[in-house]
Amino acid sequence: MDKTYQPEQIESRWYERWEADNRFAPSGQGEPFSIMIPPPNVTGSLHMGHAFQDTIMDTLTRWRRMQGRNTLWQVGTDHAGIATQMLVERKVAAEEGKSRHDLGREAFIDKVWEWKHESGGHITRQLRRMGASVDWSRERFTMDDGFYQAVQEVFVRLYEEDLIYRGKRLVNWDPTLHTAISDLEVENRDQQGQFWHFRYPLADGATTEAGRDHLVVATTRPETLLGDSAVAVNPEDPRYASLVGKFVTLPLVGRRIPIVADEHADMDKGSGCVKITPAHDFNDYEVGKRQGLPLINVFSRDAAILEAAEAFDLQGRPLDDVDPSLPAAYAGLGRFEARERIVADMEAAGLLEQVETVSNTLPYGDRSGDVIEPLLTDQWFVAVEELAKPAIAAVENGDIEFVPRNYENMYFAWMRELQDWCISRQLWWGHRIPAWYDASGNVYVARTAEEARAKHGLSDDIVLTQDEDVLDTWFSSGLWTFGTLGWPEQTEALKTFHPSSVLVTGFDIIFFWVARMIMLTLKFTGEVPFKQVYVHGLVRDGQGHKMSKSKGNVLDPIDLIDGIDLDSLVEKRTGNMMQPQKAKAIAKATRGEFPEGIEPHGTDALRYTFLSQATTGRDIKFDMGRLDGYRNFCNKLWNASRYVLMNAEGQDCGAEGGEVELSLADRWIVSQLQQTAAQITRALEEYRFDHASQALYDFVWNEYCDWYLELSKPVLWDDAASEAAKRGTRRTLVRVLEAVLRLAHPMMPYITEEIWQRVAPLAGPLSQTGGDSIMVQPWPVADEGRVDEDATRDIEWLKGVIVAVRNIRAEMNIAPGKPLEVLLTKGSEADRARLAANRLFLSKLAKLERIDWLADPDQAPLAATQLVGDMEVLVPMAGLIDKDAELARLAKEIDKQDKLIGGIEKKLGNESFVAKAPEAVVQKERDKLADFAATRKVLVEQRDKIAAL
RNA sequence: AGGACCAUAGCUCAGUUGGUUAGAGCGCCACGUUGACAUCGUGGAGGUCGGCGGUUCAAAUCCGCCUGGUCCUACCA
């Protein structure tokens, strides 16, 4: 083995091997365990969130597989409608200077597929780099044939049950992308805006109570004035009671619109009058519904002013009794330009009463970045009320459990106020809606055009045109857990692996995806999609900021694995920016943070860092320091293995039998291993990956390496040690390491496989279940019978003595290598026996020339002293003691004991404590008091002795 | 406006049902290359657990209020 751990040399090799050997496919035996990967965008690339999430899923998958479960990690990618279409549109524009409309629908879709084939392998290659043990033979895509079938089936069946309907509704319209988007795709941003107060003249000579001939309404959106269909006042408002039922003349337009009474109008705000524009505002739409007002649309699909308004009733039918004329001056103007003109014209007409500056929030499309416009359009909707009920119940009754629990509240809150889901998108890339129209606009929903004809008895000469729209991406990904398993066919896979065991996802996706999966899956399979949802936080940068291209703080997981030089990193962060003016600052910050670029760390170290930071219900600040630390940990494991191999390879490790004698250290480390196995298993069961990684780290570094390997040296290197003892120590070295590798494998798959290949043969014949890969070895099960408390106590004692001597060396400035003479005294018979049994260990680890028991403490020479329990460890130091320094140290120690003693005495002096606390707690305090007092006594004696010099 | 979560060492974080001498890693200080490892070893310094109040024999832990931070939902005529 190389002296230093070099991940790049082992990682790709092992992944290819595992894949070639089909190690990722379900075994077909044991209790099923399945995870469905949240499908990443097929043309995307792996970001830190993916890497984090994939690490968690892979750890669970490898662990369960080793436990003997029939394990499937289902992989696949999402077609991601808007994101992919935009990407390809940009590409086509850049390369060919054409828009998608220049190409036409069919040619454009071809381009998207081309791009998918070209770049779709990128993210799956990256997934492989992460070590993800997904079953590639079952890889799926949300637009593959199987999904096509599933989507058609679901749509048609929901339609047949009236759970899907089509209608003219107010939706969030993206004027740049020319499509409806869902509430969830709208991002609200705070802005400074203006608030214009306009006068609307009362018609027919009416006046207010105060005698004015106009009402005052205020708006942040003057351009929607053209579509007003009423002014509302509060029904309780005495100021306007007499005007309800009368009219105002809409300025600039001249339309007579009614004054209505509606609770939406707040008497305390502004004048108490509100303009009502049902076709351009969600609240007004509700008012319109209550008041039976016409919907007057004045915007085109580009959010420009129409030549003439379009008026509809609430069912979406055109209305002829509303005068559609609009002032010609505004026709074709964009909404913001129209706003300026209208404000100017109102002012010119003397109708602008006041302009305020206010802070308000505006809706932006999260993809286009354009301001979203509520717009009246024909769309398809899922009626969610009936679907939501069982979906809520499934979480309430525990069929689905969120980890951590508190996300259930978030889920309930959202599910209970669910609006119907607009599923149609005016895009080209996606699942076409299975609806056909005849020449007169009748709609036929069926799986295919043929089925539509058959079902409705339409002859072949009737021309049917398919709906132009596609479905929201989340409609198909909502079928992910069962669609990937072959539904609507009742496949073996579906029977075996559905419901899936756990969904691993970010909280930001609960509404988009988790909730909809639960609804659709329950509806179509009668089963929950998953039994548990493990919700993780967002991966942020070291300062806690969200990683984003525009902030220039993005880390690429692959760069952390392979390393990247500074210039490339700067180029990556500043190249191709939306706001190039930021490039300089980003370059500077990057050069400051990574003066040497980023070193290679390897996949295992990256995975370990994620796991150790994966604490529940909280975002993680990615810590480069920890990444370095865990790379070092890999190196530690690597070198410990080198030591084991150097001492075991070609030696008798007891695999072939032969007499075996186990040392205290052997029994102790085996005992500790049992506890570590139990801890890690429990931590994984509880999704506490941080605890699992911590337990392993502690065991490997602080116990196995720091103590056990050192304790093995005296046995292996001492000619006096018996062959049985050496065999026992070699066997323990090898077996414990082999078990550690298995415990570590789900977290750090590569290094463990690499080392295991060399260590496992030394541990004995490969197990029955396993083949020649650690991946298929059994998960270590803690054996209570091998927990050895005596050995643990003895080793604690041994450590105590060794640390005491090291302490004295440090304090007295004695070179670490200088051989010392040590005396032990004042201890019990047990201490004396321990000395006799561990003379060799003590001498080697503490670098002692000799160590003896001093029966009569009064004979003790002048010495530096440390305590181990009641026992004193003496390093005779005639003439070498720095009197003042030692007195100061002792004074400090005594002071510390005094504080401890004082605290306990106070407690024990409190009668209610003694009376009310459990006896065990009181006794514990008494024991501690005795200990501290004894320690203090020794310290005082020492002090007096030195003071007397 | 409503809700959620967070606040523990310089930094990133653990701390199970209240009882620990409040922990880890990184960083820092001192010392150290004998054959696993300087991506290392040994020893050490460093915390009034955000503040105030309450419950309790006992609070980092439970409750209330306050401050600071993050996020979600809603509203903004």
Side-chain angles (χ1 to χ4, degrees), chain A residues 1 3-5 188 193 195 217-221 224 231-232 264-266 269-277 281 283-284 287 358-361 404 406-407 409-410 413-414 417 507-508 511 537-538 540 542 544 546 599 601 605 612-613 615 617-647 686 688 690-691 694 697-698 701-702 705-706 709-710 713 717 803 806-811 813-817 896-897 899-900 903-904 907 910-918 920-922 924-925 928 931-932:
Chain A
M1 285 171 82
K3 189 171 170 184
T4 309
Y5 160 64
N188 290 304
F195 196 37
V217 297
T219 182
T220 55
R221 306 218 40 208
T224 64
V231 169
H264 174 63
D266 184 338
K269 280 189 184 168
S271 65
C273 304
V274 192
K275 71 194 249 338
I276 302 297
T277 323
D281 181 281
N283 283 312
D284 292 3
V287 177
V358 291
S359 62
N360 61 347
T361 49
N406 46 318
Y407 284 105
N409 293 328
M410 187 169 158
W414 193 69
E417 291 182 36
F507 69 93
D508 50 329
F511 303 146
L538 219 60
R540 299 170 175 276
K546 217 166 170 169
E599 291 185 332
H601 293 86
S612 73
Q613 292 200 266
T615 135
R618 146 174 200 158
D619 287 349
I620 72 172
K621 291 185 203 171
F622 189 80
D623 187 349
M624 287 296 294
R626 289 180 78 157
L627 180 62
D628 291 338
Y630 294 123
R631 192 262 324 266
N632 295 355
F633 177 59
C634 291
N635 186 60
K636 189 76 179 173
L637 181 60
W638 182 263
N639 277 293
S641 305
R642 281 181 65 221
Y643 169 80
V644 172
L645 290 170
M646 284 167 69
N647 286 287
E686 293 170 348
R688 288 306 302 260
D690 55 333
H691 289 171
Q694 182 70 38
Y697 187 99
D698 268 347
W701 203 310
N702 302 329
C705 291
D706 284 354
L709 294 191
E710 294 308 320
K713 288 173 185 176
W717 296 351
V803 168
R806 287 175 181 166
N807 250 309
I808 290 171
R809 281 184 194 274
E811 272 160 18
N813 260 322
I814 304 169
K896 187 177 157 193
Q897 296 302 316
K899 281 195 181 124
L900 292 170
I904 293 179
K907 242 186 203 176
N910 180 345
E911 280 174 34
S912 14
F913 171 68
V914 179
K916 293 188 182 175
V921 172
V922 176
K924 201 171 158 192
E925 292 300 316
K928 281 197 293 191
D931 281 352
F932 297 149

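Chain naming here is simple, since letters A, B, ... match the order of the sequence lines and numbering starts at 1 in each.
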Could you tell me how far [M] sits from [N] if I compare only their [atom1] atoms? Round to whole Å.
N: B/G41; M: B/C26; atom1: P; result: 9 Å
N: B/U56; M: B/G47; atom1: P; result: 33 Å
N: B/A7; M: B/U16; atom1: P; result: 12 Å
N: B/U73; M: B/A14; atom1: C1'; result: 32 Å
N: B/U21; M: B/C66; atom1: P; result: 35 Å
N: B/U20; M: B/C65; atom1: P; result: 28 Å
N: B/A45; M: B/C52; atom1: C1'; result: 32 Å
N: B/G51; M: B/A60; atom1: C1'; result: 14 Å

Mind checking [X] for me? I need base, sugar-phosphate or nothing, with any heavy atom below 4.0 Å counting as a touch.
X: A/Val921; answer: base
X: A/Glu686; answer: nothing
X: A/Thr220; answer: sugar-phosphate
X: A/Ala265; answer: base

Report yes if the side chains of [X] and [Y] come closer than 4.5 Å at any heavy-atom pair, otherwise no.
X: A/Leu627; Y: A/Met624; result: yes
X: A/Lys907; Y: A/Asn910; result: no
X: A/Gln694; Y: A/Asp690; result: no
X: A/Asn283; Y: A/Val287; result: no
X: A/Lys636; Y: A/Tyr5; result: no

Taking atom [atom1] of [X] and atom [atom2] of [Y], what is their separation to the nearest 0.5 Å?
X: A/Asp619; Y: A/Gln613; atom1: CG; atom2: CD; result: 11.5 Å
X: A/Asn635; Y: A/Thr4; atom1: CG; atom2: OG1; result: 6.0 Å
X: A/Glu599; Y: A/Arg631; atom1: CD; atom2: CZ; result: 5.0 Å

Every protein N/O within reach of nucleotides 15-17 of chain B N/O, cut-off under 3.5 Å:
{"from": "B/G15", "atom 1": "OP1", "to": "A/Arg688", "atom 2": "NH1", "distance (Å)": "3.0"}
{"from": "B/G15", "atom 1": "OP1", "to": "A/Arg688", "atom 2": "NH2", "distance (Å)": "3.2"}

Please enumerate all residues that pass side-chain contact (heavy atoms from CB on, under 4.5 Å) together with [X], with sequence neighbours excluded.
X: A/Thr224; value: A/Arg221, A/Lys275, A/Thr277, A/His280
X: A/Met646; value: none
X: A/Lys896; value: none
X: A/Arg642; value: A/Met1, A/Lys3, A/Trp638, A/Asn639

query = Should the ring pair A/Tyr630 and A/Tyr697 be called parallel, tilted or perpendicular, given that the plane angle runs from 0 to 90° and is split at 30 and 60?
reply = perpendicular

Contact pattern, 5' to 3', of nucleotides 24-36 of chain B - B, S or - by protein heavy atom under 4.0 Å = SS--------BSB

[X] has an atom [atom1]; how far is it from atom [atom2] of [N], in whole Å?
X: A/Leu627; N: B/U12; atom1: CG; atom2: C1'; answer: 13 Å
X: A/Lys621; N: B/U8; atom1: NZ; atom2: P; answer: 9 Å
X: A/Gln613; N: B/C13; atom1: CD; atom2: P; answer: 7 Å

inquiry  = Does the structure place the NZ or CZ of A/Lys713 under 6.0 Å from the centre of the six-membered ring of A/Tyr643, at an angle of no more than 45° from the ring's axis?
reply    = yes

query = With A/Lys924, which residues qualify under salt bridge (Lys or Arg N to Asp or Glu O under 4.0 Å), at least two apart?
reply =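 None.
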
ask   = In what stems does RNA chain B take part, counting only runs of at least 3 consecutive Watson-Crick or G-U pairs whose two distances fall under 3.5 Å?
value =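 Looking at RNA chain B, the stems formed by three or more consecutive pairs are B:1-7 with B:67-73, B:10-13 with B:23-26, B:28-32 with B:40-44, B:50-54 with B:62-66.
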
How close do [X] and [Y] get, heavy atom to heavy atom, and via which atoms?
X: A/Thr220; Y: A/Phe195; result: CG2-CD1, 3.6 Å
X: A/Lys928; Y: A/Ile904; result: CB-CD1, 3.6 Å
X: A/Ala232; Y: A/Ala265; result: O-CB, 3.8 Å
X: A/Cys634; Y: A/Ala605; result: SG-N, 4.1 Å

request  = Please evaluate the base of B/U42 for a donor-acceptor partner in the side chain of A/Arg806 within a cut-off of under 3.5 Å?
outcome  =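 It does not, because no donor-acceptor pair links the side chain of A/Arg806 to the base of B/U42 below 3.5 Å.
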
Atom pairs, protein N/O to nucleotides 70-75 of chain B N/O, distance under 3.5 Å:
{"from": "B/C75", "atom 1": "N4", "to": "A/Thr361", "atom 2": "OG1", "distance (Å)": "3.2"}

With 3.5 Å as the limit, what N/O pairs link the protein to nucleotides 21-23 of chain B?
{"from": "B/U21", "atom 1": "OP1", "to": "A/Lys928", "atom 2": "NZ", "distance (Å)": "3.0"}
{"from": "B/U21", "atom 1": "OP2", "to": "A/Lys928", "atom 2": "NZ", "distance (Å)": "2.3"}

key: A/Phe622 or A/Tyr5, whichever maps to the more 5' nucleotide of RNA chain B   =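 The residue mapped nearer the 5' terminus is A/Phe622.
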
Produce the list of close N/O pairs, under 3.5 Å, pairing protein atoms with atoms of nucleotides 4-7 of chain B; give distances to one decimal.
{"from": "B/C6", "atom 1": "O3'", "to": "A/Arg618", "atom 2": "NH1", "distance (Å)": "3.4"}

inquiry  = Quick one: does any side-chain atom of A/Arg540 pair with a main-chain N or O of A/Phe622 as donor and acceptor, under 3.5 Å?
reply    =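 Absent.
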
If you restrict it to nitrogen or oxygen atoms, what contacts under 3.5 Å exist between nucleotides 44-48 of chain B and the protein, and what is each distance?
{"from": "B/G44", "atom 1": "OP1", "to": "A/Asn807", "atom 2": "OD1", "distance (Å)": "3.4"}

